[in-house]
Amino acid sequence: MAFPCVVLLSDFGCDGAAALPGVCKSVDPALSVYELTHDVPRFNIAAAAAVLSDQLCAWPEGTVFMCAVDPHFGSGEKVLACLTADGYIVVGPDNGCLTEVFRNHGVAELRALTELNRSYLEKESSAVPHGRNLAYCAACIAAGKPSFEQSGELLDAPANG
C-alpha cells in the first residue's frame, strides 16, 4: 500500500525541523508532506506518544506518520514501522514513542527498518542525523520504495498492542 503522504512530528521546534520535508521530497518529489507539530516538549516521549495516537484518525487511512522524539538518539535504538490495525503506518525509534499507538490503534504488523535506516545513515554527513533518517524511512514507505511489507524484518507485536 503506497499513499503519497507523510506527516511529521518532532520535538525540534520549527527551525530544527526544516530539513525533514526536504528529506521526504528527495525520496519522491510527488509526496505530500505535512507537519503535524514540532512543538512536542523536548525529549518528552510520553507527550509525543499521546499526540501521535490522538491525531492518527484525523488523517486518511494509509497515511504514513514519522515521530522523531528521542532523548538518547544515536544510542543504537531500532527504527520501527508499525502498520496499525486501523490502517495507518507509523515510523519512529524503538523508545516508547509508539506505545500509545500500539495500545489505542492495535498492531497489524511491526517491522524493524534496519537496512532502510542503514542506507540513509551511510550517506548522512552529520554524526547525528537529527531525525532525517526517520523522515527518509517514512518517505520511502509512503512512496512504496520499498512497500511496507518489504521494508524490514517482521517483528512480534508488543504484548499491549
Side-chain angles (χ1 to χ4, degrees), residues 1-45 47-84 87-98 101 110-153:
M1 160 182 26
F3 186 82
C5 174
V6 177
V7 178
L8 306 170
L9 179 146
S10 78
D11 61 353
F12 299 163
C14 290
D15 293 336
L20 299 178
V23 169
C24 293
K25 290 289 194 175
S26 72
V27 170
D28 186 340
L31 285 175
S32 294
V33 181
Y34 302 94
E35 299 181 67
L36 183 61
T37 185
H38 297 296
D39 292 327
V40 170
R42 193 84 171 133
F43 303 135
N44 191 327
I45 292 169
V51 169
L52 186 60
S53 178
D54 181 59
Q55 296 297 311
L56 292 188
C57 291
W59 295 83
E61 184 178 318
T63 299
V64 179
F65 292 82
M66 180 224 68
C67 181
V69 176
D70 191 357
H72 306 291
F73 194 81
S75 63
E77 292 162 339
K78 285 187 229 175
V79 174
L80 300 177
C82 174
L83 172 61
T84 66
Y88 301 95
I89 296 173
V90 185
V91 173
D94 185 12
N95 67 358
C97 67
L98 304 183
V101 169
L110 186 64
R111 297 193 173 268
L113 304 182
T114 307
E115 293 302 317
L116 198 54
N117 186 48
R118 183 178 299 136
S119 71
Y120 180 80
L121 292 176
E122 286 174 354
K123 57 186 171 186
E124 170 61 53
S125 61
S126 173
V128 178
H130 303 291
R132 293 186 293 266
N133 61 317
L134 299 170
Y136 174 82
C137 290
C140 286
I141 292 170
K145 304 175 183 180
S147 67
F148 177 83
E149 295 77 15
Q150 297 174 330
S151 65
E153 175 190 357

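Everything numeric here is computed off the predicted structure, so don't read it as measured data.
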Over all atoms of both residues, closest heavy-atom pair of Arg132 and Ala19 = CD-CB, 3.9 Å
Side chain proximity check, Val90 to Leu56, heavy atoms < 4.5 angstrom | yes
Val33 to Lys25 - nearest heavy-atom pair and separation | CG2-CE, 4.3 Å
Phe65 vs Ile89, side-chain contact (heavy atoms from CB on, under 4.5 Å): CA-CA, chis, key distance, verdict | CA-CA 6 Å; Phe65 292 82; Ile89 296 173; over 6 Å; no
Closest heavy-atom pair and its distance - Leu8, Val6 | CD2-CG1, 3.7 Å
Which one of Leu80, Leu116, Asn117, Val79 satisfies the side-chain contact (heavy atoms from CB on, under 4.5 Å) criterion with Val91?
-> Val79
Decide yes or no for Val23 and Tyr120: does some side-chain heavy atom of the first lie under 4.5 Å from some side-chain heavy atom of the second?
-> yes
Got a donor-acceptor contact below 3.5 angstrom from the Asp11 side chain to the Phe43 backbone?
-> yes
Residues forming a side-chain hydrogen bond (donor to acceptor under 3.5 Å, both in side chains) with Glu35, sequence neighbours excluded | His38
Does some side-chain heavy atom of Val64 sit less than 4.5 Å from a side-chain heavy atom of Cys5?
-> no
Do the non-hydrogen side-chain atoms of Asp54 and Val51 ever get within less than 4.5 Å of each other?
-> no
For Cys24 and Ala139, the nearest pair of non-hydrogen atoms, with its separation, is CA-CB, 3.6 Å
Heavy-atom closest contact (Leu134 atom, Pro93 atom, distance) = CD1-CD, 4.0 Å
Beyond-backbone contact of Cys140 with Ser151, side-chain heavy atoms, under 4.5 angstrom | no
Is a side-chain donor or acceptor of Arg111 paired with a backbone partner of Glu153 at a separation under 3.5 angstrom?
-> no
Which distance, rounded to the nearest 0.5 Å, do you find between the CG of Leu113 and the CG of Asn133?
-> 10.0 Å
Roughly how far, to the nearest 0.5 Å, is the OG atom of Ser10 from the NE2 atom of His130?
-> 12.0 Å
Would you check if the side chain of Tyr88 reaches a backbone N or O of Trp59 as a donor-acceptor pair within less than 3.5 Å?
-> yes
Is the shortest heavy-atom distance from the side chain of Lys123 to the side chain of Tyr136 under 4.5 Å?
-> yes
Do Thr84 and Val101 come close enough that some side-chain heavy atom pair is under 4.5 Å?
-> yes
Donor-acceptor pair, Ser53 side chain versus Ala50 backbone, under 3.5 Å?
-> no
Leu52 and Cys97: which non-hydrogen atoms are nearest, and at how many Å?
-> CD2-O, 4.1 Å
Hey, is the main chain of Val27 close enough, under 3.5 Å, to the side chain of Lys145 for a donor-acceptor pair?
-> yes
